[in-house]
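Presented below is the structure to which this report refers.
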Amino acid sequence: MTLGPYGPLGSALVSGVMAAIIGFDGLDGLIGSLKARGYRTMGPVASGGAISIRELKSAADLPRGWEDEQAPGTYRLHQTASPDLFNWAVGAGSLKAEVFPPRSIIWQAKAPGYEVEEISDDVPPVAVVGARPCDLAGLRVLDRALGSPPVTDPAYRRRRDAVVLVAVECSRPASTCFCVSMGTGPSASEGFDLALTELGGGYYLARAGSKIGKELLEGLSQRRARREDFARRTELLARAASHMGRSVDQHGLPEMLVRNLSNPLWDEVAKQCLVCGNCTAVCPTCFCSNFEDRTDLSGTVQRERTWASCADLAYSYVHGGPVRASIKSRYRQWVTHKFSWWWDQFGTSGCVGCGRCITWCPAGIDVTEEIAALRASDNAGETHGEAHLQ
Amino acid sequence: MSGSTSSAPTGGLATSVLSGPGPFTPTVFHVSDRAQEAPDVVTLALKNDGGAPFSFQPGQFNMLTAFGVGEVPISVSSSPGAGPLLHTVREVGPVTRALCQASVGTRVGVRGPFGTDWGLASFAQADAIIVGGGIGLAPLRGAIEQLIETTGLPSGPRRVVVLAGARRPDQLIFKEDLAAWATAGAEVAITVDVAEEGWMGHVGVVTELVPQMTFDPRRVMALVCGPEVMMRFTVQALIERGVLPTSIRLRVSLERNMQCGTGLCGHCQLGPYILCRGGPVVTYPEASRLLHEAEL
Ligand SMILES: Cc1cc2nc3c(=O)[nH]c(=O)nc-3n(C[C@H](O)[C@H](O)[C@H](O)COP(=O)(O)OP(=O)(O)OC[C@H]3O[C@@H](n4cnc5c(N)ncnc54)[C@H](O)[C@@H]3O)c2cc1C
Ligand code: SF4
Ligand code: SF4
Ligand code: FES
């Protein structure tokens, strides 16, 4: 069974795994049952004026009635009378932090022998309730960058293999979202254990996408999903897709960017860019990291790994100075890596269209607009590329 | 109506722990010998007590940890085989200073080998030209030794030409090796940018030596390592002698910030390349199209 333009319900459904309608009590039961199974259960809460991902005690923690307004450089959250729990788009936090901690100790060694002892994180497995479709896509991108041969990041793999994902499809995207043009939302068709669609009136269509998702669903109070429930889902997703605030034209995009490496438009955006690194920190797919050693008074050395950003001057440092000294070159690295070189390196786009980098840019730089401007200049036949690179 | 707990989590953290040392975990070696090459350059022989022999190909590098200071990429400067594992380090900052100061017995962390090698298998019957500027001679040393050993063999080169450049005579590294290579049949030429009293050799940049060397441009395999400008001008000089600029027989080794060696930290990107994996050795046509764009 397919659902109009939103693809199949997932191959899991075809092979008999079920879908059902659950209510608020079912959602609460789901959270309780994840906790009972030993999962550190994370989900969205309205806190400090934004939707953040925090540990949940129960479904009562979910952000009932909260709605967000997002625009370049702006994020606002306001309370409404709506009983809906998921009337918001992504906040600054993504699934990245759950599978790739911002700071970790890799190993330690004690003087004078320096026998190296690996530090493996013994955190409990994590379940995330309320993961958005673009975040599921972000994980698939990280899987390629960190979680695949030839060299697999063991800490990433460990957390990733253990994580349980309860996705919630989007019925109210933000103005900064462009998942439709990136092919990652607003529906969820793969990569979840359970996917929920908030149908309104306190009802959720729940679809299982894995064995554990099916087991979880079977344990919840529920009723059968009917044809009209699926029709309602289709309608909600169609409306969300048509309310997408932004888009990026994918046609020949990797080549277009490489053709325009010397376009003076990069200098224009560099005048506004503060190279603060917000865009890379909030991006669900930026995977770069720094490795640094620390020694304490007892002579124990610890190697620490932290998130890194190509916006930093030190990022590209080699003896003699940074390779990317200008702001222009650093902004260009970010955009060309996301939308062009990522294809060469990992066979996918590095952007999933979540819009976070637009909202959380203090200068309000909008990557979709920058790409559109480059495209317009390219179409006008102003060639700024390096023939060398084509 | 909370859910039943019919089975344990399918993938708990405890059940999926990978075995063996992780990719970021160094093996502890110790300095078994050291040689001062120049005032700021030291060659360290590293030994892994009881460990298996370290296998690598010339051109590859290791990540070396000076415990308590940090970890940096350093090329292997020995040739594969029975001899000790050598790294030749120039002191330019905190980590390289600690490595250069390491005395015999000092523990050094080793991860590797990483990256592409010089691809010596394709040197059969070639005229091998090896050009090293400054510390750039270090990643070439193992290749030179291996090429000299196989000269004249069906799998080896027809001849070996070595050009070495240094800023000043006292900064020239591998002085004894250069003499030994000449004795072993290689054509060796040395130049310094600035002469000092007693220097009898050539003065000028290394590219000036290219016109006077004996080789057939159609059979050239060139390996070049040094500062980016030096590599560009060297290749230019070879092209002027008739070597095709598009030839993949011209190879260079590139330097970028490298913090993991495994393709996971992102720092070594150069356009489509992750250089710790797709480099550091790349063909000149590849390198030139990427280096042409400033600050890529
Ligand atoms: C593939 C490759 C092979 C190399 N082979 C040799 C060799 O055989 N001999 C040799 O003397 N040098 C070699 N280098 C250069 C050497 O890695 C740098 O000189 C060294 O990293 C400088 O570190 P530092 O702390 O001593 O100095 P600084 O330049 O002061 O560096 C300070 C800090 O910056 C960072 N940093 C600077 N340069 C690099 C870099 N390239 N990669 C990662 N981090 C960096 C480090 O965190 C370092 O601790 C090689 C570099 C590469 C990429
Ligand atoms: S580049 Fe921006 S829109 Fe794309 S995935 Fe990253 S944060 Fe989201
Ligand atoms: S955009 Fe920058 S920080 Fe993000 S993955 Fe690429 S190089 Fe790393
Ligand atoms: S050195 Fe970390 S990705 Fe290449």
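All chains are named by letter (A, B, ...) in the order of the sequence lines, taking the proteins before the strands, and each is independently numbered beginning at 1. Quick caveat, the model's predicted, so the values are computed rather than measured.
Here A/Pro150 is the residue among A/Gly299, A/Cys310, A/Pro150 with the most heavy-atom pairs under 4.5 Å with chain B. With chain B as partner, the option from A/His319, A/Lys328, A/Arg305 having the largest number of non-hydrogen pairs under 4.5 angstrom is A/His319. Put simply, of A/Glu117, A/Arg324, A/Arg294, the one with the most heavy-atom pairs under 4.5 Å next to chain B is A/Arg324. By number of non-hydrogen pairs under 4.5 angstrom with chain A, the leading residue of B/Pro26, B/Ala294, B/Gly93, B/Gly278 is B/Pro26. Counting heavy-atom pairs closer than 4.5 Å to chain B, the top-ranked of the candidates A/Phe287, A/Tyr315, A/Tyr156, A/Trp107 is A/Tyr315. The residue among B/His30, B/Glu255, B/Arg277 with the most heavy atom pairs within less than 4.5 Å of chain A is B/Arg277. By number of non-hydrogen pairs under 4.5 angstrom with chain B, the leading residue of A/Ser289, A/Ala127, A/Cys288 is A/Ser289. Interface remark: of the candidates A/Asn290, A/Thr300, A/Ile31, A/Asn290 forms the most heavy-atom pairs closer than 4.5 Å to chain B.
A side-chain donor-acceptor contact under 3.5 Å links B/Asp117 to the backbone of B/Gly119. Judged by distance alone, with hydrogens and angles left aside, the side-chain atoms of B/Lys47 form no donor-acceptor pair with the main-chain N or O of B/Phe29 at under 3.5 Å. In terms of modelled atom types and a separation under 3.5 Å, the side chain of A/Thr152 and the main chain of A/Pro154 share no donor-acceptor contact. When atom types are taken as modelled, the side chain of B/Gln101 and the backbone of B/Ala98 share no donor-acceptor pair closer than 3.5 angstrom.
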| field | Stepwise ring pair (Phe, Tyr, Trp, His ring centres under 6.0 Å) check, B/Phe56 with B/Phe114 | value | CA-CA 9 Å; B/Phe56 66 94; B/Phe114 298 123; over 10 Å; no
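Neither the backbone nor the side chain of A/Glu292 comes within less than 4.5 Å of any heavy atom in chain B. At a 4.5 Å heavy-atom cutoff, the contact between A/Ala109 and chain B is made by side-chain atoms alone. Interface residue A/Val151: backbone and side-chain heavy atoms are both found under 4.5 Å from chain B. Contacts between A/Ser316 and chain B at a heavy-atom distance below 4.5 Å involve the backbone alone (N, CA, C, O). When heavy atoms are compared at a cutoff of 4.5 Å, B/Val28 approaches chain A solely by way of its side chain, counted from C-beta outward. In this structure, the portion of A/Ala314 lying under 4.5 Å from any heavy atom of chain B is its backbone and not its side chain. If you measure heavy-atom distances from A/Leu146 to chain B, the contacts under 4.5 Å come from both the backbone and the side chain. Only the backbone of B/Val69 comes within contact range of chain A, with heavy atoms under 4.5 Å apart. Contacts between A/Thr295 and chain B at a heavy-atom distance below 4.5 Å involve the side chain alone, from C-beta outward. Of the atoms belonging to A/Pro112, it is backbone heavy atoms, and not side-chain ones, that fall under 4.5 Å from chain B. A/Arg332 touches chain B through its side chain: at least one heavy atom from C-beta onward sits under 4.5 Å away, while N, CA, C and O do not.
Electrostatic pairing of A/Glu215 and A/Lys211 counts as a salt bridge here, judged by a charged N lying under 4.0 Å from a carboxylate O. For the pair A/Glu218 and A/Lys214, the salt-bridge criterion is met [side-chain N within less than 4.0 Å of a carboxylate O]. Note on A/Arg160 versus A/Glu98: no salt bridge recorded, every NZ/NE/NH1/NH2 to OD/OE distance being 4.0 Å or above.
Under the 6.0 Å cut-off for aromatic ring centres, A/Trp334 and A/Phe339 do not qualify, their centroids lying 6.0 Å or more apart.
Here A/Ala281 pairs with nothing under the side-chain contact (heavy atoms from CB on, under 4.5 Å) rule; sequence neighbours left out.
Atom CD1 of B/Ile248 has 12 or fewer heavy atoms from other residues, nucleotides or ligands within 6.0 Å.
Between A/Trp307 and A/Phe100, the ring planes lie tilted relative to each other; the angle falls in the 30° to 60° range.
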